[in-house]
S.K.: 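First the structure, then my questions, so here it is.
In what follows, residues are counted from 1 in the order of the sequence shown.
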Amino acid sequence: MRKVRAVSAEGSFPASFVGTIAATILLASALPLAIMTLVAVSGVPFGWPLLVLAIGTAAFDSLLIARCLAHIRALSLSRHSPSVLTNAIEGVRVALLDHPDDDSDWQWQIDTAKNLTGVSPRLAYALGDDARALEGRSFLQILAGETWETGNFSAALRTIADQIKARAPFRSVILPVAVKGDILWWELSGAPVLDDRGQYCGYRGTGSDVTAEHHSADKINRMARYDTLTGLPNRLHVSEALTEELAAADKWRSRCAFAIVGLDRFKAVNDTLGHAVGDLLLDRASERLQAMTGPNELCGRLGGDEFGIIFKDGADPAKIEAAVQHIVAELSMPYDIDQHTLYVGASAGIAIGPRDGPTAEMLIRSADLALYKAKDLGGGLVQVYEAQLHVDAQERRVLEIALRRALANNELHLQYQPVVAGESGAIEGFEALLRWTNPQLGSISPAKFIPLAEQARLIGPIGEWVLRTACEEAMNWPATVRVAVNVSAEQLHDRNFAQSVSAALTETGLPPHRLELEVTESVFMTEAPHAIAVLREVLALGVKLSLDDFGTGYSSLGYLSRTKFSTIKIDRSFVAGASRNTAESIAIVRAVVALADSLGMSTTAEGVETDEELAMIRRLGCRKIQGYLFGRPMNAADARALFNKGSRSVAA
């Protein structure tokens, strides 16, 4: 009895231990290697006390080890075959995307032959066809539509085809798809599908209709690359196209050309008739441009009143120049807009690429320099770029930098040229003439720096200095002698110009009637409304006005009656012509004198240098004379000396 109890006691120990191991394995199957080691090391030795129990334990251990090995193999497969898990996840994701409550995405799948399988109702609806009819059809051919036969399908579809061929995933590829005669834009994503053995069995993916988004993006892109007023390509678009043409020219050792065309008097239209009429003018000009450009040209609006034209074939510069001449002539024809007939004119600059600029930016700059030269020569011209224009531009830049410091450095000074009575030679006044002497550059011609001052917006402060200095010097002369100061059209842009004149008179104490402001006819051809208003304010101060270089520009006889000038100055070219008995010059001088007399104005003949010219001018009736015969421009001290000698006349 004691033996039996002993045996029972001994047998209960390994049995309970084996049970513990089994429970541990079931609870910790995620650690198969550890459990297998525990079984092999611990389970078998404890079976030796009893043979029967040892055999049973060994069998149980074998089952547990086999289960652990199977679990290890399953984990190994999951690590080395991620496509199984990926396919499962992708299937769930696609199923969710194809949920009936979602009205924008659908699922698609193809077999190894790239034919549709398991066509969903959503995909069939998107293609406007029946699901059964689509089953087994080539997916790529459906996407290509009519372009399938020609092979001229989109680059995006080629990308999808290449990715499928390489069995590589693709994501968010946007392509055009023809559905029932409409071009829609789809966004497709897809990935290859592998079976449990890792074998390729097709593709699965999703699609979305992004037509609305594409049109919005296209509209934004168009707004960024096209001019909203004229519909022409804008400066960015033109620059990009020019870059492409220059690259092609470099590749094929050929040439392209670029022209900038600017309207000559566009600003006057804006200021006289308003921006609405100005916009209509730009639109009409763009229509003319488009009508004159062919498939080998591209025209765009660069900004303001300037248009750019790209000529893809620039091999024949003479042909390009002739084409631009024709464009300028057409743009210069009158425009009938809003019951107005507008004459604005046009000028152009041409540059040949890559000779005149290897990049778009440099070629545009070269053409712009040529346009600047054309306008500087009077407008209505076509100028071809040449290297000297770049040199001139560099010189202007150096001059501008120096001019900005000239006033502060006291480099500017005035000279005074006498204006005398035609019969007696008595001094009636002086014209103040601006001069500039730079320590490094020397004496610079007014013909160079005054236009530069106007363009650089420096004429305002310089003009104020000239006005104040001339008025201050005139206080040293007899009370009957006037001082004449030239006024730029740019100065009359300033609505406060009359206040500046008033301030100069107040500060210096010069009576208003002793100041005469000289303006040219160009004032009335650019800023007529502003000019007339400002000049009327000046006249209200008691200041005199003189019209300079009459007849050399645009003869604005109407403005003579609308603006009260005290003097008309006859240009030297007519004076010299009259002295040579040129019939036309004599007729012009006689007509101007008669006109001035009838309007109660005086006349001044400029540039009188010889006794013959003086005699002719006196016979024609000019009241005042100015020229080297009576005195060259002189400094302030020499001008004062003419009065200190006790004489108020200059000998002829």
Side-chain angles (χ1 to χ4, degrees), residues 227 229-239 242 257-273 275 277-293 297-311 320-335 337 342-352 356-357 360-386 389-390 392-393 396 451-452 454-457 489-490 493 522 525-527 553-554:
D227 179 51
L229 175 63
T230 64
L232 294 176
N234 62 12
R235 190 182 189 92
L236 172 64
H237 193 166
V238 170
S239 180
L242 190 56
F258 183 70
I260 299 180
V261 181
L263 302 181
D264 286 342
R265 291 179 293 277
F266 173 73
K267 197 172 190 303
V269 174
N270 262 351
D271 291 327
T272 56
L273 301 176
H275 289 278
V277 174
D279 289 347
L280 288 174
L281 174 59
L282 289 174
D283 193 44
R284 296 283 180 84
S286 71
E287 290 175 358
R288 293 187 186 183
L289 264 178
Q290 287 177 298
M292 288 183 285
T293 52
E297 294 90 40
L298 180 143
C299 66
R301 184 186 176 204
L302 303 181
D305 62 359
E306 291 185 353
F307 299 89
I309 307 169
I310 298 174
F311 296 87
I320 298 297
E321 187 174 355
V324 177
Q325 289 277 13
H326 174 65
I327 289 172
V328 166
E330 287 295 317
L331 291 181
S332 299
M333 297 295 290
Y335 298 82
I337 298 175
L342 307 178
Y343 298 85
V344 291
S347 302
I350 302 174
I352 305 297
D356 299 333
E361 181 181 357
M362 294 177 67
L363 196 62
I364 291 173
R365 184 172 183 272
S366 296
D368 196 41
L369 288 174
L371 173 64
Y372 177 88
K373 181 66 173 180
K375 287 183 174 288
D376 192 46
L377 292 174
L381 302 174
V382 174
Q383 176 71 44
V384 179
Y385 174 81
E386 51 190 31
L389 296 179
H390 185 74
D392 294 342
R396 283 196 303 273
L452 182 61
E454 292 175 343
Q455 296 158 11
R457 296 292 188 265
E490 293 296 323
H493 292 178
S522 61
M525 298 307 299
T526 54
E527 304 294 326
Y554 301 93

S.K.: Taking the side chain as every heavy atom from C-beta outward, state whether Ile337 and Val269 have any pair of such atoms under 4.5 Å apart.
M.R.: no
S.K.: Listed by chain and number, what are the side chain to side chain donor-acceptor pair (under 3.5 Å) partners of Glu454, not counting sequence neighbours?
M.R.: Ser488
S.K.: Are any non-hydrogen side-chain atoms of Leu232 and Val238 less than 4.5 angstrom apart?
M.R.: no
S.K.: Drop me the distance from His275's NE2 to Leu280's CG, to the nearest 0.5 angstrom.
M.R.: 13.0 Å
S.K.: Can you list everything that forms a salt bridge (Lys or Arg N to Asp or Glu O under 4.0 Å) with Glu321? Sequence neighbours excluded, please.
M.R.: none
S.K.: Is there a donor-acceptor pair under 3.5 Å between the side chain of Ser286 and the backbone N or O of Asp283?
M.R.: yes
S.K.: Taking atom CD of Glu386 and atom CG of Leu369, what is their separation to the nearest 0.5 Å?
M.R.: 11.0 Å
S.K.: Considering non-hydrogen atoms only, spot the tightest contact between Phe311 and Ala323 and give its length.
M.R.: CE2-CB, 4.2 Å
S.K.: What are the two closest non-hydrogen atoms of Asp264 and Val344, and how far apart are they?
M.R.: CB-O, 3.3 Å
S.K.: Can you measure from CG (Leu289) to CD1 (Ile309) and round to the nearest 0.5 angstrom?
M.R.: 5.0 Å
S.K.: Using modelled atom types and a 3.5 Å cut-off, is there a donor and acceptor pairing between side-chain atoms of Ser347 and backbone atoms of Gly380?
M.R.: yes
S.K.: If you take all heavy atoms of Ala348 and Val324, which pair is closest and at what distance?
M.R.: CB-CG1, 3.5 Å
S.K.: Can you find a pair of side-chain heavy atoms, one from His390 and one from Arg365, that are under 4.5 Å apart?
M.R.: yes
S.K.: Which pair of non-hydrogen atoms, one from Ala346 and one from Val328, has the smallest distance, and what is that distance?
M.R.: O-CG1, 3.3 Å
S.K.: Using the rule side chain to side chain contact (heavy atoms under 4.5 Å, CB included), only one of Asp227, Ile260, Leu282 pairs with Phe307; which is it?
M.R.: Leu282
S.K.: In Å, rounded to the nearest 0.5 Å, how long is the span from CZ of Phe258 to CD1 of Ile320?
M.R.: 12.5 Å
S.K.: Answer yes or no: is there a side-chain heavy-atom contact under 4.5 Å between Gln383 and Lys375?
M.R.: no
S.K.: Does Asp368 have any salt bridge (Lys or Arg N to Asp or Glu O under 4.0 Å) partners at least two apart in sequence or in another chain, and if so, which?
M.R.: none
S.K.: Could you state the interatomic distance from CE (Met333) to CG (Leu331), rounded to the nearest 0.5 Å?
M.R.: 11.0 Å
S.K.: Quick check: are there more than 12 heavy atoms from other residues, nucleotides or ligands sitting under 6.0 Å from CD of Glu330?
M.R.: yes
S.K.: Is it possible for you to check whether Arg288 lies under 6.0 Å from the centre of the six-membered ring of Tyr335, through NZ or CZ, and within 45° of that ring's axis?
M.R.: yes
S.K.: Quick one: does any side-chain atom of Ser366 pair with a main-chain N or O of Asp356 as donor and acceptor, under 3.5 Å?
M.R.: yes
S.K.: When rounded to the nearest 0.5 angstrom, what is the spacing between CG in Leu281 and CZ in Arg265?
M.R.: 11.5 Å
S.K.: When you look at Asn270 and Asp305, which way does the side-chain contact (heavy atoms from CB on, under 4.5 Å) test go after all the steps?
M.R.: CA-CA 11 Å; Asn270 262 351; Asp305 62 359; over 6 Å; no
S.K.: If I compare all heavy atoms of Asn234 with all of His237, which pair ends up nearest, and what's the gap?
M.R.: OD1-N, 3.0 Å
